[in-house]
Amino acid sequence: MEEIDRQIMGLLADDGRMSFTDLAKETGLSVSAVHQRVRRLQKRGVIKGFTAVLDHERIGLPMTAFVSIKPIDPSAPDDAPERLTHLSAIEACHSVAGDESYILKVRVGSPNELEELLQKIRAAANVATRTTVVLSTPWEGRRPQL
């Protein structure tokens, strides 16, 4: 990957709404060259999309937790991610090594909502859960070293 592509990715990682004009100014390329490079990065799957960063407190989801899950029956199919996709409070599902099979990142409005979500997770996927509630998030979503 060319250094100029890494520079474009870094700029977009910092500000996904940066215009092609501003990208061109920052990189020293023409607007059309930047546009072509961004399109090529998208087609190759390097840039998967652009998203808004939400303030979860302001949208009524101030509570974040990590929920580790493992199957109650170890011989059961490993299909927990598919069984849990309908639960919109689950923001991320990570397959992990260790005692648990997956770690889920969830966002809810209150401890009661977390308790209800845990019940839904257990019932839907037939898993045991272990929950860690986030007290604060000093930083999140750091851009990778490019």
S.K.: Who passes side chain to side chain contact (heavy atoms under 4.5 Å, CB included) against R122, sequence neighbours left out?
M.R.: L118, Q119, T129
S.K.: Is the number of heavy atoms from other residues, nucleotides or ligands within 6.0 Å of CD (E82) greater than 12?
M.R.: yes
S.K.: With heavy-atom distances below 4.5 Å as the criterion, would you say the side chains of V127 and K70 are in contact?
M.R.: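 They are not in side-chain contact.
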S.K.: Taking only residues two or more places apart in sequence, or in another chain, which ones meet S110 in a side chain to side chain contact (heavy atoms under 4.5 Å, CB included)?
M.R.: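 With neighbours one apart ignored, the set is N112, E113.
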S.K.: Hey, which of D79, I72, I121, I69 is the one that makes side-chain contact (heavy atoms from CB on, under 4.5 Å) with N126?
M.R.: I72
S.K.: Rounded to the nearest 0.5 Å, what's the gap from CD1 on I8 to CE on M18? Could you check?
M.R.: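 Rounded to the nearest 0.5 Å, the CD1-CE separation comes to 11.0 Å.
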S.K.: Keeping to residues at least two apart or across chains, list the ring pair (Phe, Tyr, Trp, His ring centres under 6.0 Å) pairs with something in residues 42-83.
M.R.: none
S.K.: Please check: side-chain N/O of R83 versus main-chain N/O of A124, any donor-acceptor pairing under 3.5 Å?
M.R.: yes
S.K.: Please answer whether the main-chain N or O of R58 pairs with a side-chain N or O of D55 as donor and acceptor at a distance below 3.5 Å.
M.R.: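 Checked: pair present.
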S.K.: Once ring pair (Phe, Tyr, Trp, His ring centres under 6.0 Å) is applied, what residue pairs with a partner in residues 1-46 remain, sequence neighbours excluded?
M.R.: F20-H35
S.K.: Flag yes if M9 and L11 sit in one hydrophobic cluster, no otherwise; membership is Ile, Leu, Val, Met, Phe, Trp, Tyr, and two members link when side-chain heavy atoms are under 4.5 Å apart.
M.R.: yes
S.K.: Just verifying a value: how many Å separate T64 OG1 and E57 CD, rounded to the nearest 0.5 Å?
M.R.: 8.5 Å
S.K.: State, yes or no, whether a side-chain contact exists between L23 and L12 at a heavy-atom distance under 4.5 Å.
M.R.: yes
S.K.: Hydrophobic cluster membership, with links at side-chain heavy-atom distances under 4.5 Å among I/L/V/M/F/W/Y: are V38 and V46 in one?
M.R.: yes
S.K.: Taking C-beta and beyond as the side chain, do P71 and S101 meet within less than 4.5 Å on heavy atoms?
M.R.: yes
S.K.: Quick one: are Y102 and P81 in side-chain contact, heavy atoms under 4.5 Å?
M.R.: yes
S.K.: Could you tabulate the donor-acceptor pairs under 3.5 Å formed by side-chain atoms of residues 87-94, not counting sequence neighbours?
M.R.:
{"unit_1": "E91", "atom_1": "OE1", "unit_2": "R107", "atom_2": "NE", "d": "2.5"}
{"unit_1": "E91", "atom_1": "OE2", "unit_2": "K105", "atom_2": "NZ", "d": "3.3"}

S.K.: Is there side-chain contact between L84 and L104, with heavy atoms separated by less than 4.5 Å?
M.R.: yes
S.K.: Which heavy atom of S136 sits nearest a heavy atom of P138, and at what distance?
M.R.: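 So the minimum-distance heavy-atom pair works out to O-CD, 3.6 Å.
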S.K.: Group every Ile, Leu, Val, Met, Phe, Trp and Tyr by side-chain heavy-atom contacts under 4.5 Å, then state whether V134 and M63 land in the same group.
M.R.: no
S.K.: Quick check: closest heavy atoms across A13 and R143, and the distance to 0.1 Å?
M.R.: CB-CD, 3.6 Å
S.K.: Can D5 and R37 be counted as an ion pair, charged N to O under 4.0 angstrom?
M.R.: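 Looking at R37 together with D5, the answer is yes, because their closest N to O distance falls below 4.0 Å.
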S.K.: Which residue pairs pass the salt bridge (Lys or Arg N to Asp or Glu O under 4.0 Å) test with at least one member in residues 125-139, sequence neighbours excluded?
M.R.: E100-R130
S.K.: Evaluate whether atom CZ of R39 has more than 12 neighbouring non-hydrogen atoms of other residues, nucleotides or ligands under 6.0 angstrom away.
M.R.: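 No.
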S.K.: Would you say the side chain of L114 lies within less than 4.5 Å of the side chain of T131, judging by non-hydrogen atoms?
M.R.: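 They are in contact (side-chain heavy atoms under 4.5 Å apart), so the answer is yes.
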